[in-house]
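Everything below concerns the one structure shown next.
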Amino acid sequence: QVQFVESGGGLVQPGGSLRLSCAASGTIFRLYYVIGWYRQAPGKQRELVAVITSGNLTLYADSVKGRFTISRDNNKNTLYLQMNSLKPEDTAVYYCNAGPSIATIRQSTYWGQGTQVTVSS
């Protein structure tokens, strides 16, 4: 059984910070070319937040560029998302996933429980 387990979400005030973690079980992140974070707000489509490749190249959504940082620790088999200067628009359930390409991840039939991030005063 392959599972990606997200954690670290919570309620934070605008301008605050959170650090999300994604732990893999039944597989290891180093087997995938692309791993990343996605989010889904109520009534909206799931969207890409940030991805990182096996060569540590990164891609960010314009809405989070300069505020979020994605990183990975292959030894710990863990993916991270450092979120700073949070805005109410960042409120969503955050998921991690992996695959050979961004296009493949978008079509994935597997998504975990995710972790809820709520930015509100």
Same apolar cluster (I L V M F W Y, side chains within < 4.5 Å links), I70/Y80: no
Flag side-chain contact, heavy atom, 4.5 Å: I102 against L59: yes
Within the 6.0 Å centroid threshold, strictly below: Y95 and Y110: no
Distance in Å, Q116 CD paired with E6 CD, rounded so as to fall on 0.5 Å steps: 12.0 Å
Those residues that, when tested against Y32, pass ring-ring contact (aromatic ring centres under 6.0 Å, His included) (two or more places apart): none
Close side-chain approach of L79 and F29, heavy atoms under 4.5 Å: yes
Over 12 foreign heavy atoms within 6.0 Å of CD, Q113: no
Qualifying side-chain hydrogen bond (donor to acceptor under 3.5 Å, both in side chains) pairs, either residue in residues 65-76, two or more places apart: D62-K65, R67-D90, R72-N74
Heavy-atom closest contact (S108 atom, N97 atom, distance): OG-ND2, 3.4 Å
Heavy-atom side-chain contact between T58 and V51 under 4.5 Å: no
Minimum side-chain heavy-atom gap R39-L48 below 4.5 Å: no
Pairwise side-chain contact, F4 with W111, heavy-atom cut-off 4.5 Å (strictly under): no
Pair up each side-chain donor or acceptor in residues 18-26 with any protein partner under 3.5 Å, not counting sequence neighbours, and list the distances.
unit_1	atom_1	unit_2	atom_2	d
R19	NH1	Q82	OE1	3.4

ILVMFWY network linking I35 to F68, side-chain heavy atoms under 4.5 angstrom: yes
Cluster link V34 to Y38, ILVMFWY, side chain under 4.5 Å: yes
